[in-house]
**Q** 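First the structure, which I've put down as structure tokens, then a few questions once you've had a look.
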Number of protein chains: 2
Amino acid sequence: MEARRDVFQAIADPTRRAIIGMVAKQPVNVNAIAEQFDHTRQAISLHLKILSECGLLNIRKEGRERYCEVKLEKLNEVYEWVEEYHKLWTGRMKSLKRFIEQEELQAAKRTPAKKGKAGRK
Amino acid sequence: MEARRDVFQAIADPTRRAIIGMVAKQPVNVNAIAEQFDHTRQAISLHLKILSECGLLNIRKEGRERYCEVKLEKLNEVYEWVEEYHKLWTGRMKSLKRFIEQEELQAAKRTPAKKGKAGRK
DNA sequence: CTATTGCGCAAGCAATTGCTTTCCTATTTA
DNA sequence: TAAATAGGAAAGCAATTGCTTGCGCAATAG
């Protein structure tokens, strides 16, 4: 029932990413968010719940309204994950990667059992 | 049937993130990947398919083996998305910190009895 | 050639998602 | 006080996920 509730899963949904984008600028109340989308208020409400359950959203009650504000720091997990690979794929570590691949190739060639894919006739 | 196949959704699954981590170092063949996990080969195979369908993985046939290598550049979409917010929250934290410090100072001035660190006596 | 190995395909299944509709409860406002 | 208004809770449903089992097929080893 209570499913996985992590940030990666939370941002997997485009609607939720859009909500984050909306709320990042300033706190917005639930109905105002819902109006921007082509879903019922309840559908959006559910997305908000998911976002808040994984710590990305803070819902502050104010009178009969609920103001949502993002806790962007929660995205740090994602940032750190992707940033590591970003370093890898942008220059810096590229030479290392090439080196490793080269090594692999050499190892494959060294393996005697690997005598040419052309095979026999 | 053919569902959403985007990078955000692909990395939402922890197993798939682990696969990316494994393959980032060097190309690995399917069975070698599958051995690292507590799922059947077919389950992993399916994850690989998803990863390759959204462009994160390149599967190169070599004899009867399939070597998987990541195309990390595909993570750029995620990187750019999260990086924007990263800037925002690191910036915001700075200004928020300034704001709080300012507030604290003001409060200390207003309340002479406050035992705050400002130590105004 | 035959057995083995690497791996994909397909069917089947339970759990999860994303959404809707209906109903309910507070807080305002007239 | 009654009528709006903001928004949550629950039930129902189709589509999707993640996984397994079973089968088939090509490449290679013996």
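Throughout, protein chains are lettered first and strands after them, A, B, ... in sequence-line order, and every chain is numbered starting at 1.
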**Q** Determine, step by step, whether B:Glu65 and B:Tyr67 satisfy the side chain to side chain donor-acceptor pair (under 3.5 Å) criterion, reporting the C-alpha distance in whole Å, the side-chain angles of both residues, the deciding distance to 0.1 Å, and the verdict.
**A** CA-CA 6 Å; B:Glu65 293 175 46; B:Tyr67 279 90; 3.1 Å; yes
**Q** Can you classify the ring geometry of B:Trp89 versus A:Tyr79 as parallel (below 30°), tilted (30 to 60°) or perpendicular (above 60°)?
**A**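 Aromatic pair B:Trp89/A:Tyr79 classed perpendicular.
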**Q** I want to check something: taking the side chain as every heavy atom from C-beta on, are B:Leu75 and A:His86 in contact at a cut-off of under 4.5 Å?
**A**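 Result no, sub-4.5 Å side-chain heavy-atom pair not found.
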**Q** Rounded to the nearest angstrom, tell me the gap between atom CZ in B:Arg66 and atom P in D:dC25.
**A**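 Going from B:Arg66 (CZ) to D:dC25 (P), I get 14 Å.
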**Q** Are the side chain of A:Arg60 and the backbone of A:Cys68 linked by a donor-acceptor contact shorter than 3.5 Å?
**A**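 Not confirmed, A:Arg60 side chain does not pair with A:Cys68 backbone.
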**Q** Distance check needed: C:dG18 P versus A:Ile11 CD1, whole Å only.
**A**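 Nearest whole value for this atom pair: 13 Å.
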**Q** Rounded to the Å, how far apart are A:Leu48 CG and D:dA9 P?
**A**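 Those two atoms, CG and P, are 12 Å apart.
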**Q** Rounded to the Å, how far apart are A:Arg5 CZ and C:dA15 C1'?
**A**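 In whole Å, C:dA15 C1' lies 13 Å from A:Arg5 CZ.
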**Q** On DNA chain C, check which nucleotide each of A:Ile50 and A:Glu65 is closest to and give me the residue with the more 5' one.
**A**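 Comparing both residues, the 5'-ward one is A:Ile50.
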**Q** Whole angstroms only, please: what is the CG-P distance between B:Leu57 and C:dG8?
**A**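 Interatomic distance, CG of B:Leu57 to P of C:dG8: 11 Å.
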**Q** Using whole Å, what does the distance between atom C1' of nucleotide C:dT5 and atom CG of B:Asn31 come to?
**A**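 Checked: the CG to C1' distance equals 8 Å.
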**Q** Can you check the A:Arg64 CZ to C:dC24 C1' distance for me, whole Å?
**A**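 Whole-Å distance recorded here is 16 Å.
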**Q** Tell me: CD1 of A:Ile59 to P of D:dG8, nearest whole Å?
**A**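 After rounding, the reported distance stands at 6 Å.
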**Q** Can you work out whether A:Ser45 or B:Arg16 has the more 5'-proximal nearest nucleotide on DNA chain D?
**A**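 Its nucleotide being nearer the 5' end, the pick is A:Ser45.
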**Q** Verify whether one side chain among A:Glu80 and A:Asn76 offers a donor that lies under 3.5 Å from an acceptor in the other.
**A**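 Distance-only check passes for A:Glu80 and A:Asn76.
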**Q** With ring pair (Phe, Tyr, Trp, His ring centres under 6.0 Å) as the rule and sequence neighbours excluded, what pairs involving residues 5-29 of chain B come up?
**A**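 Those involving residues 5-29 of chain B are B:Phe8-B:Trp81.
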**Q** Please determine if a side-chain N or O atom of A:Asn29 lies less than 4.0 Å away from the OP1 or OP2 oxygen of D:dG7.
**A**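 Checking D:dG7 against A:Asn29, a side-chain N or O does come within under 4.0 Å of OP1 or OP2.
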**Q** Using a cut-off of under 3.5 Å, enumerate the N/O to N/O pairs linking the protein to nucleotides 19-22 of chain C.
**A**
unit_1, atom_1, unit_2, atom_2, d
C:dC19, OP1, A:His39, NE2, 3.1
C:dC19, OP2, A:His47, NE2, 2.5
C:dT20, OP2, A:Thr40, N, 2.9
C:dT20, OP2, A:Thr40, OG1, 2.7
C:dT22, O4, A:Gln42, NE2, 3.0

**Q** By nearest atom, which of the nucleotides D:dG7, C:dT17, C:dT27 is closest to the A:Gln9 side chain?
**A**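 The nucleotide sitting nearest to the side chain is C:dT17.
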**Q** Connecting only ILVMFWY residues whose side-chain heavy atoms lie within less than 4.5 Å of each other, what is the rest of B:Leu46's hydrophobic cluster?
**A**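 In the cluster with B:Leu46 are B:Ile50.
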